[in-house]
Number of protein chains: 2
Amino acid sequence: MATIYEVSKLAGVSLATVSRVMNNNANVSDTTRKKVTLAMEELGYRPNSIAQSLASNCSNSAGLLVSELKGPFYGPMMSGIENTLRNQGKHVIITAGHSDAEREQQGIEFLISRNCDALILHVEAVSDEYLIKLSKGKTPFVLLNRHIPELADRCIILDNVKGGYLATKYILDSGHKNIAYISGPLWKKDAQERLNGHKQALAEHAIEFNENSLYEGDFIEDSGYEGFSALYKNNPAITALVCANDEMATGAMVSAREHGIELPAQLSIIGYDNVFFTRHVYPPLSTINYPIDEMGKVAAQWVLSHVYQKSVQPIQTLFEPELVIRQSVVNIT
Amino acid sequence: MATIYEVSKLAGVSLATVSRVMNNNANVSDTTRKKVTLAMEELGYRPNSIAQSLASNCSNSAGLLVSELKGPFYGPMMSGIENTLRNQGKHVIITAGHSDAEREQQGIEFLISRNCDALILHVEAVSDEYLIKLSKGKTPFVLLNRHIPELADRCIILDNVKGGYLATKYILDSGHKNIAYISGPLWKKDAQERLNGHKQALAEHAIEFNENSLYEGDFIEDSGYEGFSALYKNNPAITALVCANDEMATGAMVSAREHGIELPAQLSIIGYDNVFFTRHVYPPLSTINYPIDEMGKVAAQWVLSHVYQKSVQPIQTLFEPELVIRQSVVNIT
DNA sequence: GCTATAAATGTAAGCGCTTACATTTGGTGT
DNA sequence: ACACCAAATGTAAGCGCTTACATTTATAGC
């Protein structure tokens, strides 16, 4: 691979001049610019961005840490981020944290050591203290789906309590009284918040929350399957199930049908996230919309404005969940 | 951020020694090693991997180019790759090509200029010639889901003709004779191959392929929706629809139901890819399994063995599609 | 034609590391 | 006590760029 040095020789100019035409800002006469451009083309020259980063201390790329690369939730998020960043000529380095504190930390450190100009983090396991300490460092970052009061201005979040509330309220308004809940892992804040919203709705309708009708899943389909079996064995009289995400809801559907339960007639189910396939499960799943692609875009815009000085409208940090009604919940009043 | 220089001063040794303990291979006495380690911890030292790359010409990271970051197909692929690479201490830089020649090329060049030690490419738009030329360069790469005879040993592919054949044969064996087909964009080889498999099965059953019962979609749900409408208007007598991927199949299902067609009784549908949500659509979709996560892993192993000398069993480059029977196809004999 | 000033270009010192080669140290065998 | 050799450590030259600063060249005003 040709280097800047060879280009300069071919063009008969100095290194600095070549560098100047590359970063086409400085004063370079048209004639030399042309000479250099020609030489670059002739050699098929591509700047080595590693060397550029090292010298300029700017890599034109942002680091993105997500929990998983697969799954219907992260795809749209990554996609939204990559698109808006790429449109401005910035690149994205993606890594996965697997909801594990150590791996998340490793990932963050990798991204920093890779000279990322900024980080977009969807972290779950790492502690608030760690992030606060990180914020004192020189690499700026935004947080997706995580609220830390000290870092509030860089937290882009959904009102999960409200979402949880909305889901259960809808079930309640449909006349259900015997309601079970499959939560996410309760060490995760969002899981906790959704559950709190659930309890809040229950309280408002003077229905007592019962520990026995709660199953703690892990946001993955299988735990929805297991969860429903356990819940149903414990109390076959339930008429509605609220799940802390769509994947568990679909798992629960499978289990319910295996128990000979007719959906939605005998059991109403509601999910959370409005992941793209919810329209296609049977019955089409009612759920809570989580505008994760939008939120990803906003995160990318934060980076653009805070790090690359691209002017951008002020950024929305709190997003509102919305009830999406399809056919998995039935009115039994 | 502390540099190697500060560490060496604190530990009272030379730069080279610090570097040696970092790459813990050379001969370093235990005592100095300890001194250095201590100094590193005290300073919270993290090596700057950009500088490492530049100096060593090895970045310990592989570049991955996919068409889209979202969608049910790429997630498992990226995930499989990231996992196996990360287990060996290698990192992954992901970028998206959006099935567009220019963007794919840009992405490849970015990855190369980022000093990736190897590339894993899922490219669709870029030409064979470009890739052959690329293979002469110094960055090794594997191709996923693309067959180029000249580069056969580094192409990890599925037998798409066979997959297409299997799908249609199953439909045919179920007694259908009036069959429509929604293909992917026909400039994509895999779309073409699947269609060829379809025609082959038809020919074998002495059924004539009819251009009017072919709709060229784009592998995206909406085109399945549009496709079915068009096909049905053209010929309301069809009893079966084979789709070149699952997303278009689900789109077609929506459309079919909007036309008042009862599924699967009045219309059998089969998809392709066996994307994770196919089990949950209604009716559960019969499809062709595409072991993309496995193939991603194999690609990662290729990189591990060819670039990092990790010994690994010889690599499987041709994968077999398999028929997955669920409930969306009905026997009408 | 000569100086003052701006524009264009060049020079060279890093950025933070790795690594070939040189030097020092310490342990053997005699 | 000496030479000898391997192990441990140090020295310094890059890797391919950017950029402050120095120098040269062109332009204008008088």
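Below, chains carry the letters A, B, ... as their sequence lines are ordered, and counting in each starts from 1.
- Listed for the A:Ser49 side chain is a donor-acceptor partner under 3.5 Å among the backbone atoms of B:Ser113.
- Checked by atom type and distance alone, the side chain of A:Ser79 never pairs as donor or acceptor with a backbone atom of A:Gly75 at under 3.5 Å.
- The aromatic rings of B:His122 and B:Tyr74 stand perpendicular to each other, their planes meeting at an angle above 60°, with 30° marking the opposite boundary.
- For A:Met40 and D:dG16, the CE to C1' distance is 15 Å, given to the nearest whole Å.
- Side-chain contact check for A:Arg114 and B:Ser53: at least one donor-acceptor pair (N or O, by modelled atom type) lies under 3.5 Å.
- Rounded to 10 degrees, the angle separating the terminal helix axes of the helix from C:dG1-D:dC30 to C:dT30-D:dA1, each built from five base pairs, is 40°.
- Note: CG (A:Asn60) to C1' (D:dT18) measures 13 Å, nearest angstrom.
- Contacts between residues 42-59 of chain A and DNA chain C, defined by a heavy-atom separation under 4.0 Å, are made by A:Leu54, A:Ala55.
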Do any N or O atoms of the protein come closer than 3.5 Å to N or O atoms of nucleotides 8-10 of chain D, and which pairs are they?
{"unit_1": "D:dT9", "atom_1": "OP1", "unit_2": "B:Ser29", "atom_2": "OG", "d": "3.2"}
{"unit_1": "D:dT9", "atom_1": "OP1", "unit_2": "B:Thr32", "atom_2": "OG1", "d": "3.3"}
{"unit_1": "D:dT9", "atom_1": "OP2", "unit_2": "B:Ser29", "atom_2": "N", "d": "2.9"}
{"unit_1": "D:dT9", "atom_1": "OP2", "unit_2": "B:Ser29", "atom_2": "OG", "d": "3.3"}
{"unit_1": "D:dT9", "atom_1": "OP2", "unit_2": "B:Thr32", "atom_2": "OG1", "d": "2.7"}
{"unit_1": "D:dG10", "atom_1": "OP2", "unit_2": "B:Ser14", "atom_2": "N", "d": "2.7"}
{"unit_1": "D:dG10", "atom_1": "OP2", "unit_2": "B:Ser14", "atom_2": "OG", "d": "3.2"}
{"unit_1": "D:dG10", "atom_1": "OP2", "unit_2": "B:Thr17", "atom_2": "OG1", "d": "2.9"}
{"unit_1": "D:dG10", "atom_1": "N7", "unit_2": "B:Arg20", "atom_2": "NH1", "d": "3.4"}
{"unit_1": "D:dG10", "atom_1": "O6", "unit_2": "B:Arg20", "atom_2": "NH2", "d": "2.4"}

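- Geometrically, B:Lys90 engages B:Tyr308 in a cation-pi contact, judged by NZ or CZ lying under 6.0 Å from the ring centre and within 45° of the ring axis.
- Taken from OH in A:Tyr130 to CD in A:Gln105, the straight-line distance is 4.0 Å, to the nearest 0.5 Å.
- In this structure, CD1 of B:Ile4 is placed 18 Å from P of C:dG14, rounded to the nearest angstrom.
- What separates OH of A:Tyr5 from P of D:dG14 is a distance of 12 Å, to the nearest Å.
- Paired with B:Arg20 under the rule side-chain contact (heavy atoms from CB on, under 4.5 Å), one option of B:Leu15, B:Val13, B:Val28 passes, and it is B:Val28.
- Side-chain atoms of A:Thr95 and A:Arg103 include no donor-acceptor pair closer than 3.5 Å.
- The NE2 atom of A:His147 lies 12.0 Å from the CG atom of A:Asn160; values are rounded to the nearest 0.5 Å.
- For the atom pair CG (A:Leu65) and CD (A:Gln106), the distance works out to 11.0 Å, reported to the nearest 0.5 Å.
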